Structure formats: structure tokens, C-alpha cells
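Working notes, structure below.
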Amino acid sequence: MAERSTAAVDVADNSDETSLTAQADQSTADGVAKNRERDTDSDEVQESTRTDGPGKTSPPELHSGHKLARRYRLEECVTRLDGFSSWRAVDEKLRRAVGVHILPADHSRARSVLAAARSSALLGDPRFVQVLDAVEENDLVYVVHEWLPDATELTTLLASGPLEPYDAYQMVSQIASAMAAAHREGLAHLRLNPNAVLRTSTGQWRIRGLAVNAALRGVASDTPQRTDTEAIGALLYAALTQRWPYESDAYGLSGLPKDIGLIAPDQVRAGVHRGLSELSMRALVNDGATASRHESPCTTPEELVKAIGEMPRIRPPEPAFTAPPEYQRTSYQQGTYGRQAPRPGATQPVPTPPPPLQSRTGKALKWAVSGLLIAALGLGSWQLADALMDQGGKSEDPGQTQTNDGNDKSPKKPASGKPITISGARDFDPFGDRTEKPSDIGKVYDNSTATYWQTDFYLSADFGRLKPGVGIILDLGKTQQVGKVTVTFVGDTSVELRSASADAGSEPTSFDAYTKVAEGTGTKVELKPGKSLKSRYLLVWLTDLPIQADDGKWRGRVADIKVTS
């Protein structure tokens, strides 16, 4: 355990640190609008990470307006460093913003960049910024990736202070789970730092530059799993303390004081969550830093995910309640409307309320009103009885039927929603291993509640703290008006209805592509959108599971789904 792998910090073997830092202040590599990634290759040189020498080929001479493959129009150069350049671009075919890394085909790292990009694209995990294309063409190699204009870097979030415990818990849970999935497929990041971690507007955490950023800069490691695990520990440390867990300053964060070594986050800042503090130390595994805690270190993302699962769940903070302003009566209610304001110092007489009707005239008026009311009630009762007797004395022709003419203005009952046929469905597990009992998915729309589709089993109602949920994507065949979705469960289940945009040409595979339109809890839940909804693809998203009495484990069971217009 004496080995130290600190590749959580960016690495570069460049002698001219000043010039690189100056370039870094204007750069970004993976597409977050208005939050440009600072290229911090000169922040700290690490011990166990080796870096290839830069390619000797100069960057391609490109300019704004240049097109790649007659499709990707370059808009703005955001990084020009070490033989490659990164651009914000527009995919004119799909009319969307993208990011592009470009380097010459004869660059010393061109082959490794292409291989890393294609491997990352095959993973297809929505928790990572997706690689969309990797091409060698006209003496250039370029990698096209997603551009997330609504996401914010962790660097930017930490500029205003440390994260709340719940936000830090969600960040480390999602990042560790994503990296565990990547390592199962043989992929490592090696440059996992605050610039590479993004939080979207929906609160999901995403990682950019998987394998590609390290390949662009020639970064490698003999212990990739430990390198990425320690990087996650450094991210959590920074999120809890707003300090970088090494002596050097990096990513806009101050380093630790020199000559004191690595100290736990709860010793750096008051009020730090004790469990998260210990978790970050177990992940950092720095020179026996965890020995005093009597906790085993985490050297792989999988071990870190297991350690997070053993922690008590951290719940979101209660929403702050703002007391309503004290009720203020208007001047009219206070009885001063139209009156002259009293002179200062003058005593105003309190008006005496008028006495009740106690005079002879008042008593006579009350008796008169009472008599009229009694007479009106008697007349009404007599007319009602007479009408009933007349109706009973009439013989009704049994063969006669009543018809309504065109002048009948009685209100008509509104027509109930028409059923919409579900043309297909599939399981959706974007935050796990991407599969959740696909063989039984047809049972959710077979018009029978005796059969059901069920999730995998979990050790708690919140999916064992491994993921925020799982769901089912419904394909309605075409874009239609959706009025209500009725879901029948086995056991009380919490569920959200999410919808893809009406103009989605194909089924979205990213969780962020579905917007929440309704939610509910129960065994039969009616999900009605708050406003008019047109869509082809709907996501029934389970967020909390019931315990099943047969084995005491938590799993969701969907017996039937019906969609009406």
C-alpha cells in the first residue's frame, strides 16, 4: 500500500509551465458553454503516472467556418495545446452543437486517440459525455463528442464554496458507479479531475473525456483502477472542504499546508459529514493515511461503490419554509376610507355601533318579515304537492319514448380519453449495467394484471443506493396527444412519468432526454401531465421500491400500463 498514484491531477512534462498556464486560462476540451475547462497540465506533476512526449507535428491550421466531412462547422477554438486543438462546432446535419478534438494524422498519439475514442463510444453509458464520431480523413484525425450547454463544471461549483453533504454524496455515488462500469469494460479515465466532472440542470453528474483526454495528452498508468479511485477520493475531498488534497494549488483550489501531510476533511473544515470524510480518506490511500481510522482502503471503483452502499443514506435537506407576511388590513377594511386623517395628538372619539332593532317599529318589521317567509314556504309546499299529484294521476303510454330535439341545451358529459396502443417497450437502466429483466417487458402491456415485469432485487427501497431508479420506455408508434398514463404495480411504488420531446426522430437513450411531467405513489397510479403533452416516447421511471414479503428484498413489479389520449 506504499505505492502512491495521484493521477487525479492533470499531468504534462512540459518545461515551459508559464506559457502552458497562460494558454490554459482560455481553454476547454469537452463542451460546457460559459464554463470553459482550464487545461491544468502544469498544476502538479505526479509520481506514478508516465506521460509520452508531445507529438512533434504542429497543430493543423484551421479556422472558424471550416467544415469537416461537409458536416461539422468549426465555430470557436477553445484549446490549442501540444499538437492538437479542440473546438466548439455545429453539426449541420442534426442542427446541434458538438465538440471536436483535431490533430494531424501523423501525430505520435493519433492512433491511440482513435482507439480510445472508439472504445469509449462503444460503452454508450449516459453517465459519460458521449463520443459521437471518430474519423481519420484528409491527413486529420478528429473526435466528435457531445456539447452540454446546460452543465456546470465541478470547478465552477466549488468556486462559491463546498458542496452540501447530500450533493457531495450524490456526486461520489454517481461518479464511482460510472467508473466501476467503465472499468468492467476495460476503460480508464486517468484524468478525472474537477474540470472533467459536470452537473446537469437536472442534477445528474456526468464525466467527460473517458479514455480520450488521457490519450490526447499521452497519459498512462500501471495501476489504472487505483489511479481513478484516488481521483474520485480527491474529488470528494475537494467537494467537502473546498481544498485540494495535495500541497500544490490546483483547479482554482488552495492546496493543504506544507509539511503536515494529508489530514481528514473533518479536520480541515468544521461541520464536514464524518462518513463522507472517512470515505474520501479510504479512497485516497495516501501513505497510510487511513491507518488511524481502522478502515480498509478502497483501491478500485468497485470497492468504493461497495463502501458507499454500506454507509447510512444521506437524505436531501428539508425545503426551507418561509413564513407568510403578517396580514395587513387595508385602509378601507380599517374603516378609514374617505375619512379625514386625525390630527396628531388629538383624541378621536370611538363611534358607538347602532343599537339592534329594539323599538316598536323594529319589532313590527321583524314580525312582518317572519310572516312573509312562512307564507312563501306554505305556498311553495302546496304547489309542490299539487304537481306531484297531477303527475301521479296521468297514465303513461308504455310504448312512447322520449326524444330530444335539437334545441336541448342540457350539458353533455365530456368524452373519456381514448386508449392509445403501445407498439413496443423496453427496459431502461442508464445508471446500472444497462439491462433490467428485458425478457418479461411485454407483460406490462398484455392487458392482464396477473402477469408482471419485475426489476432485479435490491437491499433497500432506494435501489441499494446504487442508482436513482430504473424504468420502462414506451413507444406509442407515432407522436400522439397523451392525456393520462395508468400504471398498476404489485406493492406501493413511487413512480415518475417522463417524456421525450415531440420532435424526437428516434428513441432517446439518454436519461436527460426525458423530462418529468407527472409523479405519484401507490399500487395503481394515474399519471396526468400538468399541461398538454405530445410525444411518441414515454418513460415510466421507478424511484422507490416496495419490499416483497416472500423474501424480504426490495423489487419493483409492474403489472399493467395503459395510455389514454
Side-chain angles (χ1 to χ4, degrees), residues 7 10-17 19-24 26-31 37 39-42 45 49-93 98-123 129-147 186-191 196 208-222 224:
D10 292 334
V11 180
D13 292 333
N14 295 288
S15 58
D16 188 2
E17 270 190 14
S19 61
L20 281 181
T21 306
Q23 294 174 27
Q26 351 174 352
S27 64
T28 184
D30 289 300
E37 174 186 355
D39 202 303
T40 52
D41 282 337
S42 61
V45 177
T49 305
R50 62 180 184 273
T51 307
D52 299 336
K56 297 183 179 179
T57 308
S58 60
E61 291 298 328
L62 301 173
H63 55 82
S64 298
H66 183 90
K67 284 188 183 180
L68 300 173
R70 299 183 180 179
R71 175 175 178 176
Y72 304 112
R73 187 181 73 247
L74 304 182
E75 292 286 320
E76 178 187 8
C77 181
V78 291
T79 299
R80 192 180 296 275
L81 179 71
D82 202 17
F84 71 90
S85 58
S86 298
W87 294 74
R88 177 176 60 83
V90 175
D91 182 350
E92 294 187 334
K93 184 176 181 180
V98 294
V100 184
H101 301 305
I102 306 173
L103 67 165
D106 58 354
H107 193 285
S108 61
R109 301 174 196 151
R111 302 295 98 198
S112 59
V113 169
L114 274 177
R118 288 166 180 170
S119 299
S120 178
L122 289 175
L123 180 63
V129 173
Q130 298 294 295
V131 172
L132 306 175
D133 209 352
V135 180
E136 180 178 359
E137 181 183 61
N138 297 332
D139 299 326
L140 291 177
V141 167
Y142 56 90
V143 176
V144 183
H145 58 84
E146 284 184 293
W147 185 273
L187 292 172
H189 196 292
L190 305 184
R191 285 178 56 84
R208 61 183 174 189
L210 177 67
V212 175
N213 278 7
L216 281 169
R217 293 163 176 83
V219 177
S221 174
D222 295 328

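Side-chain atoms are counted along with the backbone in the values below, which use heavy atoms only and exclude waters and symmetry mates. All values derive from a computational prediction rather than experimental measurement.
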| request: Could you please spell out the steps behind the side-chain contact (heavy atoms from CB on, under 4.5 Å) verdict for Ile102 and Leu74? | output: CA-CA 11 Å; Ile102 306 173; Leu74 304 182; 4.0 Å; yes
| request: Mind running side-chain contact (heavy atoms from CB on, under 4.5 Å) on Val131 and Arg118 for me, showing each step along the way? | output: CA-CA 8 Å; Val131 172; Arg118 288 166 180 170; over 6 Å; no
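Between Leu68 and Val135, the closest side-chain pair of non-hydrogen atoms is not below 4.5 Å. Taking 4.5 Å as the limit, every side-chain heavy atom of His66 sits out of range of all side-chain heavy atoms of Tyr72. Considering only heavy atoms from C-beta on, His189 comes within 4.5 Å of Leu210 through its side chain.
Contact between Glu75 and Ser64 at its shortest, heavy atoms only, is O-OG, 2.9 Å. Residues Ala110 and Pro104 approach most closely at CB-O, 3.7 Å, considering heavy atoms. A pairwise comparison of heavy atoms in Asn213 and Arg208 identifies ND2-O, 4.3 Å as the closest pair. Of all heavy-atom pairs spanning Arg111 and Ala105, the tightest one is NH2-O, 4.1 Å. Ala211 and Leu187 get closest at one heavy-atom pair: CB-CD2, 4.5 Å.
Of the inter-residue distances, the one linking Leu216 atom CG with Leu103 atom CG reads 6.5 Å to the nearest 0.5 angstrom.
For the side chain to side chain donor-acceptor pair (under 3.5 Å) with Asp82, the qualifying choice from Arg109, His107, Arg217 is Arg109, the only one to do so. Checked options Glu136, His101, Glu137; the residue passing with Tyr142 is Glu137 (criterion: side chain to side chain donor-acceptor pair (under 3.5 Å)).
Proximity of a side-chain donor or acceptor of Gln130 to a complementary backbone N or O of Glu146 within less than 3.5 Å is not detected.
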